**Student:** 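Got a structure for you, questions after.
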Protein chains: 2
Amino acid sequence: MTLRDHARAAVRDEVARHAWRLFAQQGFEATTIDQIAEASGMSRRTFFRYFTGKDELVLSRLIESGDRIGDALRARPTDEPAWPALRAAFQHLVELQEEHADVARPLQLMLRDEPALRATQQERRALWTELLAPLVAQRLSARRRRRGPDTRAVAVTGSALACFDAAQVAWAENPGVPLAALLDEAMESVSA
Amino acid sequence: MTLRDHARAAVRDEVARHAWRLFAQQGFEATTIDQIAEASGMSRRTFFRYFTGKDELVLSRLIESGDRIGDALRARPTDEPAWPALRAAFQHLVELQEEHADVARPLQLMLRDEPALRATQQERRALWTELLAPLVAQRLSARRRRRGPDTRAVAVTGSALACFDAAQVAWAENPGVPLAALLDEAMESVSA
DNA sequence: CCCCGATTGGCACTTGGTGACACAGTGGGC
DNA sequence: GCCCACTGTGTCACCAAGTGCCAATCGGGG
């Protein structure tokens, strides 16, 4: 069944390419699904068989980035504390963004400005946290003073993502300032 | 025009009351605007003149909570460092939640589970950050090593909110565990 | 009492999203 | 070669969220 999946992935890629072109031209909200479907040479109904909605076109990209962060975090030495390990895990993505700033910056601004993408942002947070928190948990002290549910991994992961977001927004708004420096300052200010 | 505003506020309260009753009975997504409008004795069209959408019924409550946090933060001694000041500022809300757990817990679970409320959650984050970050900024060291945009206040505020969210989710999922203790552990694990 | 402005309701329309059904290609077993 | 099941696709109908437009209505001041 790999053949079917391959074809499906190819169609998804093709649709995504047309969609992103339209988003860049007209913005996210102004682009209707009918336009995307027409540009992709398929019916509206068929579009919904490849994507759950317009959001997924954006979300699927963000999920990829999350997977990369996860991979990078797994590659760090197991005895490295959580905070510096997270900082290092972000580095791949940071460099990628700096390299393709012409694409990444408008994307960040779109994520910030389009109300229709707020739900997508929240889902990204949730997915990344779900993905990274277990990896972070391994780097926290096994000894706990308290009993009951352990909030530490989710809190640390969420905080790191908050720093990452803060740095990305500042970077998108201030061309010329390196993202790495913004992220360094953000993360140091929270946990020195 | 205070009279008009007063009447308007009264209507909004009334509509919100009916809406929350329906949300509790059927869930957020399953409740249609037509139902809310009918229960409130007004037309669909008029509902939209009082609220921008179903979301605002939820968001307006969350905004109130944000204002309270802001008030509490302003009331802290000005020389108190940001992190403990934020922890203390959350305390009012924490106690309120514990006190009305029968309402607060289902609400938290609704916020977590209803996909239609993800955008609302993200907006809440944005609004609270916008509100609190300037207050946090006053508690950060005025001396900075780096030049360029200052990401610290947003990063610290966002991290604190991430801890608060992590604690709230754990609290909603684990009845019997005090929210204050969960929040303490979350915030200590990020910045000890 | 009448007029003016604000509030309201009804209507039509766009968009997102879903379910039901029919149709075409494809590959396999007989 | 023929029938079969499976899959992908398109068409149609439908619902819910919003929004613009216009007519009706209600309430207070002259």
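Letters A, B, ... mirror the listed sequences (proteins, then strands); counts begin at 1. Please read these numbers as outputs of a predicted model, since none were measured by experiment.
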**Student:** Looking at A:Gln26, I'd like to know if its CD atom is crowded, meaning that more than 12 non-hydrogen atoms belonging to other residues, nucleotides or ligands lie closer than 6.0 Å.
**Tutor:** yes

**Student:** Which nucleotide in the list C:dT18, D:dT9, D:dC21 gets nearest to the side chain of B:Arg49?
**Tutor:** D:dC21

**Student:** Go through D:dG20, C:dG17, D:dG10 for me and flag the one nearest to the A:Met42 side chain.
**Tutor:** D:dG10

**Student:** Between B:Glu188 and A:Arg145 (salt bridge meaning N to carboxylate O under 4.0 Å), is one present in this structure?
**Tutor:** yes

**Student:** Which angle, to the nearest 10 degrees, lies between the helix axes at the two ends of the helix from C:dC1-D:dG30 to C:dC30-D:dG1, each defined by five pairs?
**Tutor:** 20°

**Student:** To the nearest Å, give me how far apart CG (A:Asp34) and P (C:dG16) are.
**Tutor:** 7 Å

**Student:** Can you check the A:Phe47 CZ to C:dT15 C1' distance for me, whole Å?
**Tutor:** 13 Å

**Student:** Rounded to whole angstroms, how far apart are NZ on A:Lys54 and C1' on C:dT18?
**Tutor:** 17 Å

**Student:** Quick one: A:Glu114 CD to C:dG16 P, roughly how many Å, whole number?
**Tutor:** 12 Å

**Student:** Measure the distance from CZ on B:Phe51 to P on D:dA17 and round it to the nearest whole Å.
**Tutor:** 15 Å

**Student:** Check the distance between C:dT8's P and B:Arg8's CZ and give it to me in whole angstrom.
**Tutor:** 8 Å

**Student:** Looking at A:Thr46, does any N or O in its side chain come under 4.0 Å of the phosphate oxygens OP1/OP2 on D:dG10?
**Tutor:** yes

**Student:** Enumerate the residue pairs fulfilling ring pair (Phe, Tyr, Trp, His ring centres under 6.0 Å) with a member in residues 99-133 of chain A, sequence neighbours excluded, ordered by first and then second residue.
**Tutor:** none

**Student:** State whether B:Tyr50 places a side-chain N or O below 4.0 Å from either non-bridging phosphate oxygen (OP1 or OP2) of C:dT8.
**Tutor:** yes

**Student:** Among pairs that include at least one residue of residues 165-192 of chain A, which meet ring pair (Phe, Tyr, Trp, His ring centres under 6.0 Å), considering only residues two or more places apart or in two chains?
**Tutor:** none

**Student:** Would the base of D:dG10 count as contacting A:Arg44 through its side chain, where contact means a donor and an acceptor less than 3.5 Å apart?
**Tutor:** no

**Student:** Whole Å only: how far is the CG atom of B:Asp55 from the P atom of D:dG18?
**Tutor:** 6 Å

**Student:** Given the structure, check if the side chain of B:Arg45 and the base of D:dG20 hold any donor-acceptor pair shorter than 3.5 Å.
**Tutor:** yes

**Student:** Determine, using the 4.5 Å side-chain heavy-atom cutoff (strictly less than), whether A:Leu127 and A:Leu107 are members of one ILVMFWY cluster.
**Tutor:** no

**Student:** For A:Arg68, does the CZ atom sit with more than 12 other heavy atoms under 6.0 Å from it, leaving out its own atoms?
**Tutor:** no

**Student:** Among the candidates C:dG9, C:dG17, D:dG18, find the nucleotide nearest to the side-chain atoms of A:Ile33.
**Tutor:** C:dG17

**Student:** To the nearest Å, how far apart are B:Phe48 CZ and D:dC21 C1'?
**Tutor:** 16 Å

**Student:** Side-chain donor-acceptor pair under 3.5 Å between A:Gln122 and A:Arg118, yes or no?
**Tutor:** no

